[in-house]
Amino acid sequence: GVQTCALPIYWAVRSRKRMSRLDHLAILLIFLVILVWNFVYGVIVGVSVGCVMLVVNYSRVKVIKHSVNGAEYRSSHERSQDELEVLRQHGEAIRIFVLQSFIFFGMADRLYRAVIEQAFTETAEKPRFIVFDFRLVHGIDSSAVTSFRKIAFAARSAGTGIILTGMGPDIAREFAGEGAGEFGDLRRFDDLDRGVEWCETELISAHPASSRGDDEGIGAWLAREL
């Protein structure tokens, strides 16, 4: 009996070099519970500790993979030189957040704080459009939907439009659930490229391209276009 008990303890001590400190402490805790009580309690504690560690490790993942503006990232739609100049000058009015992972309570709150800090503080230049891309998001919970409602409220107050792209059917159902009307006028597109293209078109319409082609003649206009 002593030898049988000593082997797992020996393995637990030696395994310290092959795992993180947190994982090793969890192993030692499980062994301690088994020794003091019994194997069933050890399994219960092991499962509980594993769930807590999973949540902690998952919450460390950055929910915002990329944060860029419309001057830095453009759609694949072909545009004239004048239109490209408009986007170069005013593209910062489009803010793009590429999201990732599974978004739940802790991560959702960090997302809300990051968006507010970058787009809606007193010192930040208020964007005309904010694009959230969900292509790399595996799923969301109710707390994430609540955070997006808070972002939508801040956007309405600032006159900013919200665009959602790349949403899977499960995530779309979460947004379409109870309280969907609180989001206001959301626009959805199948992918990021189409969503950014729509924002660019709206931005160009608000800042008409110059009429340099008429003033300089057809030769100069063709030279710019080519």
Side-chain angles (χ1 to χ4, degrees), residues 59 62-75 77 83 86-208:
S59 64
K62 291 184 178 180
V63 65
I64 300 176
K65 184 176 178 65
H66 299 297
S67 174
V68 295
N69 60 52
E72 299 166 330
Y73 180 94
R74 292 174 185 164
S75 72
H77 185 74
E83 290 175 331
V86 171
L87 295 178
R88 188 188 69 79
Q89 293 182 12
H90 305 285
E92 291 186 359
I94 304 172
R95 296 302 306 269
I96 303 166
F97 294 94
V98 178
L99 311 179
Q100 65 177 348
S101 189
F102 187 96
I103 306 177
F104 60 102
F105 49 93
M107 299 176 72
D109 184 66
R110 289 207 306 272
L111 172 62
Y112 167 74
R113 293 178 183 276
V115 173
I116 294 300
E117 181 180 348
Q118 294 185 40
F120 298 121
T121 58
E122 292 182 1
T123 57
E125 184 176 351
K126 306 301 185 293
R128 181 169 180 185
F129 303 105
I130 291 183
V131 182
F132 292 106
D133 183 54
F134 287 82
R135 183 175 60 88
L136 302 177
V137 176
H138 311 314
I140 60 175
D141 70 355
S142 58
S143 64
V145 177
T146 300
S147 291
F148 278 104
R149 285 198 188 101
K150 291 160 65 178
I151 292 172
F153 177 79
R156 284 200 305 272
S157 301
T160 300
I162 299 291
I163 290 83
L164 309 178
T165 68
M167 296 177 70
D170 293 339
I171 298 177
R173 278 194 292 270
E174 290 286 345
F175 274 86
E178 184 178 353
E182 298 176 19
F183 287 108
D185 184 21
L186 292 182
R187 292 184 180 271
R188 286 180 50 195
F189 294 88
D190 291 338
D191 54 59
L192 179 61
D193 190 67
R194 295 183 185 181
V196 173
E197 178 186 337
W198 183 87
C199 294
E200 290 174 347
T201 301
E202 292 292 307
L203 197 61
I204 291 169
S205 298
H207 300 85

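One-based numbering along the sequence shown. Just the heavy atoms: all of them, side chains too, but no hydrogens, waters or symmetry mates, feed the values below. What you are looking at is a predicted structure, and each value in this text was computed from that prediction instead of being measured.
Scanning both residues, Ser143 and Ala108, for their nearest heavy atoms gives O-CB, 3.9 Å. The two residues Ala114 and Ile64 come nearest to each other via the heavy atoms CB-CD1, 3.7 Å. When all heavy atoms of Glu83 and Ile204 are compared, the closest pair comes out as CB-CD1, 3.7 Å. Between Asn69 and Glu92, the shortest heavy-atom distance links the atoms ND2-CG, 3.6 Å. Here the closest heavy-atom approach between residue His90 and residue Leu203 is recorded as O-CD2, 3.2 Å. Across Ala119 and Lys126, no two heavy atoms sit closer than the pair O-CD, 3.3 Å.
Between Ser147 and Leu111 there is no side-chain heavy-atom pair separated by less than 4.5 Å. Contact check for Phe97 versus Gln118: side-chain heavy atoms found under the 4.5 Å cut-off.
How far CD1 of Ile94 is from CD of Glu202: 10.0 Å, rounded to the nearest 0.5 Å. Here the straight-line distance linking atom CD1 of Ile151 with atom CD1 of Ile116 works out to 6.5 Å at 0.5 Å rounding. Interatomic distance, Asp109 CG to Ile103 CD1, rounded to the nearest 0.5 Å: 12.5 Å. Within the model, atoms NE2 of His207 and CZ of Arg128 stand 7.5 Å from one another, a figure rounded to the nearest 0.5 Å. The CZ atom of Phe153 sits 13.0 Å away from the CD1 atom of Ile162 when rounded to the nearest 0.5 Å. We find the CG-NZ distance between Asp133 and Lys65 to be 11.5 Å, quoted to the nearest 0.5 Å.
Residues meeting the ring-ring contact (aromatic ring centres under 6.0 Å, His included) test with Phe120, sequence neighbours left out: none. Tyr112 meets the ring-ring contact (aromatic ring centres under 6.0 Å, His included) test with no other residue; sequence neighbours excluded.
A side-chain donor-acceptor contact under 3.5 Å links Thr160 to the backbone of Pro127. In this structure a side-chain-to-backbone donor-acceptor pair under 3.5 Å is present from Gln100 to Lys62.
The six-membered or imidazole ring of Phe134 lies near that of Phe148, with a centre-to-centre distance under 6.0 Å.
Checked options Ile163, Val131, Leu164; the residue passing with Phe189 is Ile163 (criterion: side-chain contact (heavy atoms from CB on, under 4.5 Å)). Residue Asp190 forms a salt bridge (Lys or Arg N to Asp or Glu O under 4.0 Å) with just one option from Arg194, Arg187, Arg188, and that option is Arg194.
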Test side chain to side chain contact (heavy atoms under 4.5 Å, CB included) applied to Leu192 and Arg135, step by step: CA-CA 8 Å; Leu192 179 61; Arg135 183 175 60 88; over 6 Å; no
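A 6.0 Å sphere centred on CD of Glu117 holds no more than 12 heavy atoms belonging to other residues, nucleotides or ligands.
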